[in-house]
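Below: the structure, in structure tokens.
All heavy atoms count here, side chains included; hydrogens, waters and symmetry mates do not.
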Amino acid sequence: MKDASCVQYDPEWWFPIEIGGSSTWSRTPEAMKAREICASCPAFDECREYSLRFDIIHGIWAGLDRHERYALQKKLGITPESFSLDYRPHMEYVVRKVADHG
């Protein structure tokens, strides 16, 4: 996603702080600007596919916050993959190394 428009801006616009489960975090002025940038981004389709494929719970991806992604996943019948499944062999290796040297 090197062609993504977001790389030119402050990443915090896409990852505003979520406080107490409030849905207003994704409607801050910065987050709304991020959503505008997403709308015309050349990597929009790739970003959206990625964000729906994986169980991403933080930030705004392809103009969607986590609640909107979840609703779209349900509507499209997508069961997101967990990142931890991709990293499980590496995590098991680290755990073994720590246990061996513990």
key: Contacts of type ring-ring contact (aromatic ring centres under 6.0 Å, His included), residue Tyr70, not counting sequence neighbours   = none

message = Working to the nearest 0.5 angstrom, can you tell me the gap between Glu46 CD and Trp61 CH2?
response = 10.5 Å

key: Between CD1 on residue Ile60 and OG1 on residue Thr28, distance to nearest 0.5 Å   = 6.5 Å

inquiry  = Using a 4.5 Å cut-off between side-chain heavy atoms of Ile, Leu, Val, Met, Phe, Trp and Tyr, which other residues end up in the same hydrophobic cluster as Leu76?
reply    = Leu52, Leu64, Leu72, Ile78

Determine all donor-acceptor pairs shorter than 3.5 Å in which one atom belongs to a side chain in residues 31-43; sequence neighbours excluded.
residue : atom : partner : partner atom : Å
Arg35   : NE   : Ser26   : O            : 3.2
Arg35   : NH1  : Gly63   : O            : 2.8
Arg35   : NH1  : Glu68   : OE1          : 3.0
Arg35   : NH1  : Glu68   : OE2          : 3.4
Arg35   : NH2  : Ser26   : O            : 3.4
Arg35   : NH2  : Ser26   : OG           : 3.3
Arg35   : NH2  : Asp65   : OD2          : 3.3
Arg35   : NH2  : Glu68   : OE1          : 3.2

key: Heavy-atom closest pair, residues Tyr9 and Ser5   = CD1-O, 3.3 Å

note = Nearest heavy-atom contact between Gln73 and Ser51 is NE2-O, 3.8 Å

query = What is the distance from atom CD1 of Ile57 to atom NE2 of His67, rounded to the nearest 0.5 Å?
reply = 10.5 Å

inquiry  = Could you measure the distance from the CZ atom of Phe15 to the CH2 atom of Trp25? Nearest 0.5 Å is fine.
reply    = 9.0 Å

message = My understanding is that only residues two or more places apart in sequence, or in another chain, count here; which of them pass ring-ring contact (aromatic ring centres under 6.0 Å, His included) with Trp14?
response = none

